[in-house]
S.K.: 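Okay, handing you the structure first.
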Amino acid sequence: MRLQDTLSNAEQVLDTSKKVKIYLCGVTVYDESHIGHARTIIVFDVLRKYLEDKGIEIEFIQNFTDVDDKIINKAQTENTSAEVISTKYIENYFRDFNGLNIKHATNYPKATEHIVDIIKFIEKLIEKEIAYVSKNGVYFAVSKFPEYGKLSKKKIDELESGARIEVDESKNNPLDFAVWKFSDVEPVWESPWGKGRPGWHIECSAMSTKYLGENFDIHGGGRDLIFPHHENEIAQSESFTGNQFAKIWMHVGMVTIDGEKMSKSIGNIKSIKHVLENWGPNIIRLFCLSGHYSKPIDYSEELLKENLTKWRQAETCYYELIHANSKDTENVASTVQKLASEFDNALENDFNTHLALSAFFQLIKETNRLAAEEKLGNEDAKIIKPEFQRMLKILGLSIPEMTDDLKQDIDTMIENREKFRQEKQFQEADQIRDKLNEMNVELIDHKGKTIWMKKENIKAEK
RNA sequence: GGUACUCUGGCAGAACGGUUAUGCGUGGGCCUGCAAAGCCUAUACAAGGGGGUUCGACUCCCUCGGGUACCUCCA
């Protein structure tokens, strides 16, 4: 698989000959997560599911930043502790995350649970004279890392002129950033330099090294993390180890609304909770995968609606496959194989989910065409179904399960309707159909048979 | 101001130096008792403007213009 690497600004080949190690920068837990966060996670979720489908072992680490000024501020305004705030939003995060059908990471390390590792990390930086103790905290000396700026392609002198926050006089250089901040306000920890808490970037350096080693395969996050977060992580980690940090830097584009970045500070966010309630996980996932991961996507109800239409086709396909029993058939094996390799090739080539979806929907169209022409035989279904389900699984899409009892009830109702139809008692027949519709069960009348499909309940559709 | 990315048909959105992207939408049709769903078919002669390289450019180069992101809050 080839992936576009932000650092080298070129495609790099992902080494899949052994376990693939991925570190994804998670969220700062002080508020509800929004669709922008969802996109990043979904992209990485599909990436790991694809690799796992190929039999590749994945170690996937995603952190929570649970100590931060924003958390502390929120705790103060709500008159509670930072821990209460971070715990609450971590719980909410998992609620959203499970709702989106995301596979759990190997581990979710938290900054507050790695203070010892962070302190050790800082100690070594001080020992190497890369970090220094100052009045307000311990700072990383950017001048000690000559390659500073290599990820974000920034020049140090240009950065200084553009610095937009007030200069902290205790720093040797305005660009130096805190690895430890002195503070008396909870939460604080003792350190060799004084009471305080870690800076934002240091946790990711300490935790990624701890769990994945000095040099791992993919480090990811939103594009907005390139600078300063990931730039600083590189500076810290490579200064610490003397070795290359992540091999591939993979950055996911922003979700915009009306062309403007979705962010808490602008106040134009759509929370995952809210969108999940209205559209469900499948449509959100299709939407988030509909463009190349590196580019921005614009959130709109129209696009979600378009993906709903597509999702209905996928559902139809699934139920056609289940009920397939036509006598006429077509040889589908070569088509299925062709689309399967198109799907894989698209993902191998810088993880082009849009093209992969293209193949997925072509498979659906092909299946539905055969069904419409009464040519979808059992043997065909046996060939198509595993591939269809493989794609569903990789994309993280799921058709709701149904109980056998309910299936039995539906079958009985369809039989009754059939009797009424044969006796040309259409009013009675239509009543049954309406009743099923209320249960979100839709009937599809083929020439010789009636099949049913259970539609996902999409609130926004009504 | 600096840096990066980006500009494709009504909309979304790819690939590729020369072939129909694909999907949504829209028109027509098939199926049906009627619907629904689905399918079939038609539909766009698209590439921000200008210039250049080339036998040939949406694809490479230059230039002008628009947009977005980042320039220590950010996924």
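Proteins get letters first, then strands, A, B, ... in listed order; numbering begins at 1 in each.
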S.K.: Could you pull out all residues at least two apart from E418(A) that satisfy side chain to side chain donor-acceptor pair (under 3.5 Å)?
M.R.: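 Checked E418(A) against side chain to side chain donor-acceptor pair (under 3.5 Å); matches are R421(A).
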
S.K.: Between G38(B), A75(B), U72(B), which one does the side chain of K171(A) approach most closely?
M.R.: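 Closest nucleotide to the K171(A) side chain: U72(B).
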
S.K.: In whole angstrom, give me the gap between the P atoms of C45(B) and G9(B).
M.R.: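 Looking at atom P only, C45(B) and G9(B) are 12 Å apart.
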
S.K.: Give the rounded distance in Å between these two atoms: CE of M254(A) and C1' of A69(B).
M.R.: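 That distance rounds to 8 Å.
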
S.K.: Who passes side chain to side chain donor-acceptor pair (under 3.5 Å) against T316(A), sequence neighbours left out?
M.R.: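 Side chain to side chain donor-acceptor pair (under 3.5 Å) check on T316(A) returns nothing, list empty.
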
S.K.: What residues from residues 266-275 of chain A pass a heavy-atom cutoff of under 4.0 Å to RNA chain B?
M.R.: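 Contacting residues: none.
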
S.K.: Using a 4.0 Å heavy-atom cut-off, write out nucleotides 10-15 of chain B from 5' to 3' as B (base contacted by protein), S (sugar-phosphate only) or - (no contact).
M.R.: --SSSS

S.K.: For N437(A), report the nucleic acid contact type (base, sugar-phosphate, nothing); a contact means any heavy atom under 4.0 Å.
M.R.: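 No contact.
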
S.K.: Residues two or more places apart in sequence or in another chain: which of them pass ring-ring contact (aromatic ring centres under 6.0 Å, His included) with F227(A)?
M.R.: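 ring-ring contact (aromatic ring centres under 6.0 Å, His included) list for F227(A), sorted by chain: empty.
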
S.K.: I need the full list of ring-ring contact (aromatic ring centres under 6.0 Å, His included) pairs touching residues 421-461 of chain A, with sequence neighbours left out, sorted by first then second residue.
M.R.: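 Residue pairs with at least one partner in residues 421-461 of chain A: Y319(A)-W452(A), H323(A)-W452(A).
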
S.K.: What's the closest nucleotide to the S358(A) side chain, out of U22(B), A75(B), C40(B)?
M.R.: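 From the listed options, U22(B) comes nearest.
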
S.K.: Return the set of residues passing ring-ring contact (aromatic ring centres under 6.0 Å, His included) with F64(A) (not counting sequence neighbours), or none when no residue passes.
M.R.: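 Y93(A), F94(A), Y108(A).
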
S.K.: So what does R369(A) touch, heavy atoms closer than 4.0 Å: a base, only the sugar-phosphate, or nothing?
M.R.: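 Counting heavy atoms under 4.0 Å across all strands, the contact made by R369(A) is with sugar-phosphate only.
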
S.K.: Send over the distance from Y139(A) OH to U72(B) P, rounded to a whole Å.
M.R.: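 In whole Å, U72(B) P lies 15 Å from Y139(A) OH.
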
S.K.: Using atom C1' of each nucleotide, how far apart are U59(B) and U19(B) to the nearest Å?
M.R.: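 Straight-line distance between the two C1' atoms is 14 Å.
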
S.K.: Let me check I have this right: for RNA chain B, each base becomes ., (, ), [, ] or |, based on Watson-Crick or G-U pairs with both distances under 3.5 Å. What is the full string?
M.R.: (((((((..(((.....[...)))((((((.......))))))....(((((..]....))))))))))))....

S.K.: Is the gap between the ring centers of F343(A) and F360(A) under 6.0 Å?
M.R.: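 Not under 6.0 Å, so no.
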
S.K.: Produce a footprint string for nucleotides 29-37 of chain B: one letter per nucleotide, 5' end first; B if the base is under 4.0 Å from any protein heavy atom, S if only the sugar-phosphate is, - if neither.
M.R.: ----BBBBB

S.K.: Specify the residues of residues 88-95 of chain A, ordered by number, for which at least one heavy atom lies under 4.0 angstrom from an atom of RNA chain B.
M.R.: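 Result for residues 88-95 of chain A: none.
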
S.K.: Suppose we screen for side chain to side chain donor-acceptor pair (under 3.5 Å). Which residues come up paired with N325(A), at least two apart in sequence or across chains?
M.R.: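 So N325(A) forms a side chain to side chain donor-acceptor pair (under 3.5 Å) with K449(A).
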
S.K.: Apply ring-ring contact (aromatic ring centres under 6.0 Å, His included) to H292(A) and list each qualifying residue two or more places apart in sequence or on a separate chain.
M.R.: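 So H292(A) forms no ring-ring contact (aromatic ring centres under 6.0 Å, His included) with any residue.
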
